[in-house]
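Report on the following structure.
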There are 2 protein chains.
Amino acid sequence: MTDVKSVNNPLFLREEELRQAIELLFFAYRDFTAGPDKILKDYNFGRAHHRVIHFVGRNEGMTVSELLDILRITKQSLNRVLSNLIQRGFVEQRQGEEDRRQRCLYLTEEGHLLEQKVSRVQRELVANAFREAGGEAVAGYRKVLTGLIDETNRDTALNRILKT
Amino acid sequence: MTDVKSVNNPLFLREEELRQAIELLFFAYRDFTAGPDKILKDYNFGRAHHRVIHFVGRNEGMTVSELLDILRITKQSLNRVLSNLIQRGFVEQRQGEEDRRQRCLYLTEEGHLLEQKVSRVQRELVANAFREAGGEAVAGYRKVLTGLIDETNRDTALNRILKT
DNA sequence: AAATATATGTCAACATGACTGACGTAAAAT
DNA sequence: ATTTTACGTCAGTCATGTTGACATATATTT
């Protein structure tokens, strides 16, 4: 096998390295979402519900527009999921105090319970991965994933993630 | 705001750190898939087609079962996408030589062109992130993502990723 | 040789979660 | 008073996943 690509070709090695990194992300993300998916199925909720519960839980009082901006879906898509969550008592809306056009979103008590239950399995998965990998690796993980975020929205996204 | 959680509570800090890591992965993956999605739309292909093209391109001659095992979807789901790709001349099947029940999958010339075109944008994104982050960070990225892969299939997955 | 298991394909029905486009309503901003 | 904004909603469509049932060819086992 005197394959040109495999002998002394740094460009190919680089390409191969990148492909491996891409697949790694694919497999990691696949298994990262598997746990929550499983739990949510018992409630007849899907990944879309999970995302709403997650972000509302992290940003109590956020508006619908903010949520739309994070999820990058249409309001019609969001609405089905959101009204479902409201109807079934996991999320509630309150009229904005300053701008009364806004509907500010909050988790109900039941919503918080579900959010905790679901995020726990995900946190445990990440915690294990962090522990196995060590602190230096975690810093690297953060650096690389930050770099994968679209440059034009990176600051916005990071502010959301790191917000106090 | 004398919130108990935010003052001197290491357990909370840990939870907060983990939540940030989770959101980081969400945002990174969202933008990681955006580029390919955009290109594939011109062909009326979706993310499912992308995954097939990617894995067949990386594993020429792989069988349908292998692909099913990687993608973790039902054969009925795969079949719709796969027969579409075959019909339109991006993928071809050949009967297995040893086991003639198997259908071994290959990219056609056109398939290779599309695969290259799509994976290029993704590789460039990852290459930029790697360059910005530096080699040490890349090693950390690999360690952590590896740890996120379901333990019971980790070796299998890693063998697939690193296969020569 | 006959029975069973495996790899694959296919039909049909259905759920989820995305999309577009059009229209409505209340409140804020100009 | 008019326009813009934030949100909701109706209707239709598409992509991608699911389950269940059944078929066919080839390998494997008894």
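Scope of the values below: all heavy atoms of this structure, side chains included, with no hydrogens, waters or symmetry mates. A, B, ... follow the sequence lines: proteins, then strands. Residue 1 opens every chain.
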How many Å lie between [atom1] on [X] and [atom2] on [N], as a whole number?
X	N	atom1	atom2	result
B:Glu97	D:dT26	CD	P	15 Å
A:Asn44	C:dA15	CG	P	10 Å
A:Gln95	C:dA27	CD	P	6 Å
B:Arg100	D:dT28	CZ	P	12 Å
A:Arg47	C:dA15	CZ	P	20 Å
A:Leu40	C:dA15	CG	C1'	15 Å
B:Arg103	D:dA25	CZ	C1'	8 Å
B:Glu66	C:dA7	CD	C1'	12 Å

Minimum-distance nucleotide to B:Asp99 side chain [options: D:dA6, D:dT16, D:dT26]: D:dT26
Sugar-phosphate only, base, or nothing, as touched by B:Gln93 at under 4.0 Å among non-hydrogen atoms: sugar-phosphate
Sugar-phosphate only, base, or nothing, as touched by B:Arg80 at under 4.0 Å among non-hydrogen atoms: base
Is any side-chain nitrogen or oxygen of [X] closer than 4.0 Å to OP1 or OP2 of [N]?
X	N	value
B:Thr74	D:dT18	yes
B:Ser77	D:dT18	yes
A:His49	C:dG17	yes

Axial cation check for B:Tyr141 ring with A:Arg142, 6.0 Å and 45° limits: no
Check: B:Leu18 main-chain N/O paired with A:Arg123 side-chain donor or acceptor under 3.5 Å: no
Sidechain-backbone polar pair: A:Arg58 side chain, B:Glu23 backbone, donor-acceptor under 3.5 Å: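 No, A:Arg58 side chain to B:Glu23 backbone: no donor-acceptor pair under 3.5 Å.
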Residue whose nearest DNA chain C nucleotide is more 5′ - A:Gly46 or B:Thr63: B:Thr63
Upstream residue (5' side of DNA chain C) when B:Ile86 and A:Arg51 are each assigned their closest nucleotide: B:Ile86
A:Arg51 vs A:Val81 side-chain heavy atoms within contact, under 4.5 Å: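 Result no, sub-4.5 Å side-chain heavy-atom pair not found.
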Heavy-atom side-chain contact between A:Tyr29 and B:Leu145 under 4.5 Å: no
DNA chain D: 5'-proximal contact among A:Lys41 and A:Leu68 (nearest heavy atom): A:Leu68
A:Phe27 ring center within less than 6.0 Å of A:Phe32 ring center: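 Aromatic pair excluded; centres sit 6.0 Å or further apart.
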Name of the residue among B:Lys38, B:His50, B:Arg47 meeting side chain to side chain donor-acceptor pair (under 3.5 Å) with B:Thr33: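 Result for side chain to side chain donor-acceptor pair (under 3.5 Å) with B:Thr33: B:Arg47.
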Pairwise distance CG(A:Asn59) to SG(A:Cys104) - rounded to 0.5 angstrom: 12.0 Å
Tabulate protein N/O versus nucleotide N/O from nucleotides 10-12 of chain C, keeping only pairs under 3.5 Å, one per line.
residue, atom, partner, partner atom, Å
C:dT10, OP2, B:Asn79, OD1, 3.3

Base C:dT6 paired with B:Arg101 side chain (donor-acceptor, <3.5 Å): yes
